[in-house]
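All ligand and atom numbering here is 1-based and tracks the order in the structure.
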Amino acid sequence: MTDRLTIKRPDDWHLHLRDGAMLAAVLPDTARHFGRGIIMPNLVPPVVTSAEVAAYRDRILAQLPQDMNFTPLMVAYLTETTEPDDLAKGFADRIITAVKLYPAGATTNSASGVRDIMKVQPVLERMAELGLPLLVHGEVTDAEIDIFDREAVFIDRVLDPLRQRLPELKIVMEHITTKTAADYVKVGSENLAATITTHHLMINRNHILAGGIRPHYYCLPVAKREEHRLALRQLATSGFERVFLGTDSAPHPDSAKLQPCGCAGIYTAPNTMSCLAHVFEEDGALAHLEAFTSLNGPRFYGLPASDQTMDLVKGDQPVAYPDAIAAGDETVTVFDPGVDLFWRVDKVN
Ligand code: DOR
Ligand code: ZN
């Protein structure tokens with residue numbers, strides 16, 4: 001039985017760090033394990049221009065504990081008035097690593113996002129020329145489309161036509177949740193990749209709704225049926241090169257989650273590596289964990305894999321994680337995977 005594993009240090013290719021007291025509270029949970037993170041720009045107001053991206057990067061680095069090394073890879077929030085020249089300059093200055101497309105209204109703080117994709121066609125053309133990746137929240141927002149179908153409809157109506165218009169644009173389908181998306185990325189070109197979250201490998205929609213409503217399992221895109229979770233697991237654990245970890249660790253104060261209309265997001269930063277080792281071992285795929293967490297992402301982004309390593313060990317007692325962390329005057333509940341976890345991060349070398 002394998003009870004020890006050394007992999008290259010993982011990166012998180014989709015991460016919400018927020019700002020202020022929340023940023024200070026959550027950053028160490030990521031920086032302890034992950035070498036780099038693709039930082040989502042959906043603050044209020046959103047992080048749009050390269051100057052705003054640079055200022056946000058500085059605020060993150062200012063909160064990084066002295067004894068930790070972590071590189072935030074910054075993302076600009078795409079709006080219908082984004083200036084192609086500003087993105088090009090931010091990319092050339094190595095401030096911007098990618099650009100995020102939020103369909104307006106799709107999720108938390110997406111009101112400034114894109115309503116009509118054709119309005120950003122000139123920006124996307126410039127990004128394709130530059131090799132600047134587009135990260136996509138792939139859900140339509142039309143009220144008449146069932147929430148469980150919004151990802152599949154987005155692929156048909158928005159993503160596929162976009163890829164036909166601009167095959168040379170690098171695109172990451174963020175946090176995919178369906179077999180439809182898993183199949184779509186598999187047959188896609190070298191310019192198409194997908195991230196998968198930790199929680200979508202572990203929960204399906206029953207976890208949210210059966211036997212009582214569990215706000216801490218509510219995120220967007222919402223978890224789907226079991227057959228979809230199994231398809232995501234199959235893809236993530238297969239070693240397939242164009243899929244990699246993006247935790248979408250998305251902290252919200254419990255006071256905002258536990259409401260008649262609670263917000264979307266699951267906080268997985270503290271226990272993600274324990275969860276993933278559990279999932280990959282369960283599927284007989286520990287040999288592919290490193291590809292998913294540490295190799296495939298940098299390859300797609302054209303970056304070197306980490307020169308550090310991470311040791312994971314499996315104990316005979318469950319690992320204890322806090323139920324919640326403090327953030328200023330608030331608490332943030334940590335993802336409960338619903339099973340005992342025996343793998344833990346021993347050290348980062
Ligand atoms: O569950 C989610 N939370 N999905 C998103 O797309 C955004 C995120 C957040 O910012 O809280
Ligand atoms: Zn996200």
Colleague: Just to check, does Arg18 reach to within less than 4.0 Å of ligand 1 when the distance is taken from its heavy atoms?
Modeller: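 Yes, that is the case, since the closest heavy atom of the residue is under 4.0 Å from the ligand.
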Colleague: Measure up the Tyr102 and His137 rings against each other and bin them: parallel (under 30°), tilted (30 to 60°), perpendicular (over 60°).
Modeller: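 Tyr102 vs His137 ring planes: tilted.
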Colleague: Over all heavy atoms of both residues, which pair between Val114 and Leu78 is shortest? Give the atoms and the distance, please.
Modeller: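 Of all heavy-atom pairs spanning Val114 and Leu78, the closest is CG2-O, 3.8 Å.
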Colleague: For the residue pair Leu162 and Leu169, what are the closest heavy atoms and their distance?
Modeller: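 Answer, listing the atom of Leu162 first, then Leu169: CD1-CD2, 4.4 Å.
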Colleague: May I ask you to decide if His175's main-chain N or O and Asp248's side chain share a donor-acceptor pair within less than 3.5 Å?
Modeller: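 Not a single qualifying donor-acceptor pair exists.
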Colleague: In the protein, which heavy atom is nearest to atom 1 (O) of ligand 1, and how far is it?
Modeller: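 Residue, atom and distance for the closest contact: Leu220 N, 2.8 Å.
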Colleague: With a cut-off of 4.0 Å, which atoms of ligand 1 are near a heavy atom of Ala250?
Modeller: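 Counting from 1, the qualifying ligand atoms are 3 (N), 8 (C), 9 (C), 11 (O).
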Colleague: Using a heavy-atom cut-off of under 4.0 Å, does the side chain or the backbone of Ile266 touch ligand 1, or both, or neither?
Modeller: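 It is neither; nothing of Ile266 touches ligand 1.
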Colleague: Tell me which protein heavy atom sits closest to atom 3 (N) of ligand 1, plus the residue, atom name and distance to 0.1 Å.
Modeller: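 Of every protein heavy atom, Ala264 O, 3.0 Å lies nearest to atom 3 (N) of ligand 1.
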Colleague: Please confirm whether His252 comes under 4.0 Å of ligand 1, counting heavy atoms of the residue only.
Modeller: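 His252: in contact with ligand 1 (<4.0 Å).
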Colleague: Go through the structure and list residues passing ring-ring contact (aromatic ring centres under 6.0 Å, His included) with His200, not counting sequence neighbours.
Modeller: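 ring-ring contact (aromatic ring centres under 6.0 Å, His included) list for His200, sorted by chain: empty.
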Colleague: Give a yes or no on this: more than 12 heavy atoms of other residues, nucleotides or ligands lie within 6.0 Å of atom CD of Glu83.
Modeller: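 Counting other residues, nucleotides and ligands, CD of Glu83 stays at 12 neighbours or fewer.
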Colleague: Quick one, Leu159 with Arg163, criterion side chain to side chain contact (heavy atoms under 4.5 Å, CB included). Give me CA distance, side-chain angles, the key distance, then yes/no.
Modeller: CA-CA 6 Å; Leu159 182 58; Arg163 292 186 55 237; 4.1 Å; yes
Colleague: Give the numbers and elements of all ligand 1 atoms closer than 4.0 Å to a heavy atom of His137.
Modeller: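 Answer for ligand 1: 6 (O).
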Colleague: Taking the six-membered ring where the residue is Trp, are the ring centres of Tyr321 and Phe335 under 6.0 Å apart?
Modeller: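 No, ring centres 6.0 Å or more apart.
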Colleague: Checking a contact table here: which protein heavy atom is nearest atom 7 (C) of ligand 1, and how many Å away?
Modeller: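 Protein heavy atom at minimum distance: Thr107 OG1, 3.3 Å.
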Colleague: Which ligand 1 atoms does Cys219 reach within 4.0 Å, using its non-hydrogen atoms?
Modeller: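 Listed by number with element, the hits are 1 (O).
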Colleague: May I ask you to decide if Asn206's main-chain N or O and Asn204's side chain share a donor-acceptor pair within less than 3.5 Å?
Modeller: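 Pair found, side chain donor or acceptor close to backbone of Asn206.
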Colleague: Hey, does Gly265 come in under 3.5 Å of ligand 1, counting only N/O atoms on both sides?
Modeller: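 N/O-N/O distance below 3.5 Å exists for this pair.
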Colleague: Ignoring hydrogens and angles, tell me if any N or O in the side chain of Asp142 forms a donor-acceptor pair with the backbone of Glu144 under 3.5 Å.
Modeller: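 Looks like no, no N/O pair under 3.5 Å.
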Colleague: What's the shortest heavy-atom distance between Asp12 and Phe34, and which atoms?
Modeller: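 In this case the closest contact between Asp12 and Phe34 is N-CD2, 3.6 Å.
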Colleague: What part of Met40, side chain, backbone, both or neither, has a heavy atom within less than 4.0 angstrom of ligand 1?
Modeller: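 Under 4.0 Å from ligand 1, Met40 contributes no heavy atoms.
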Colleague: Enumerate the atoms of ligand 1 whose separation from the nearest heavy atom of Asp248 is less than 4.0 angstrom.
Modeller: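 Those of ligand 1 that fall under 4.0 Å from Asp248 are 4 (N).
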Colleague: I want to know whether Trp13 and Tyr301 have ring centres closer than 6.0 Å.
Modeller: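 That pair passes the under 6.0 Å test.
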Colleague: What protein atoms of element N, O or S are positioned under 2.8 Å from the Zn ion (ligand 2)?
Modeller: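 For the Zn ion (ligand 2), the protein N, O and S atoms that sit under 2.8 Å away are His14 NE2, His16 NE2, Asp248 OD1.
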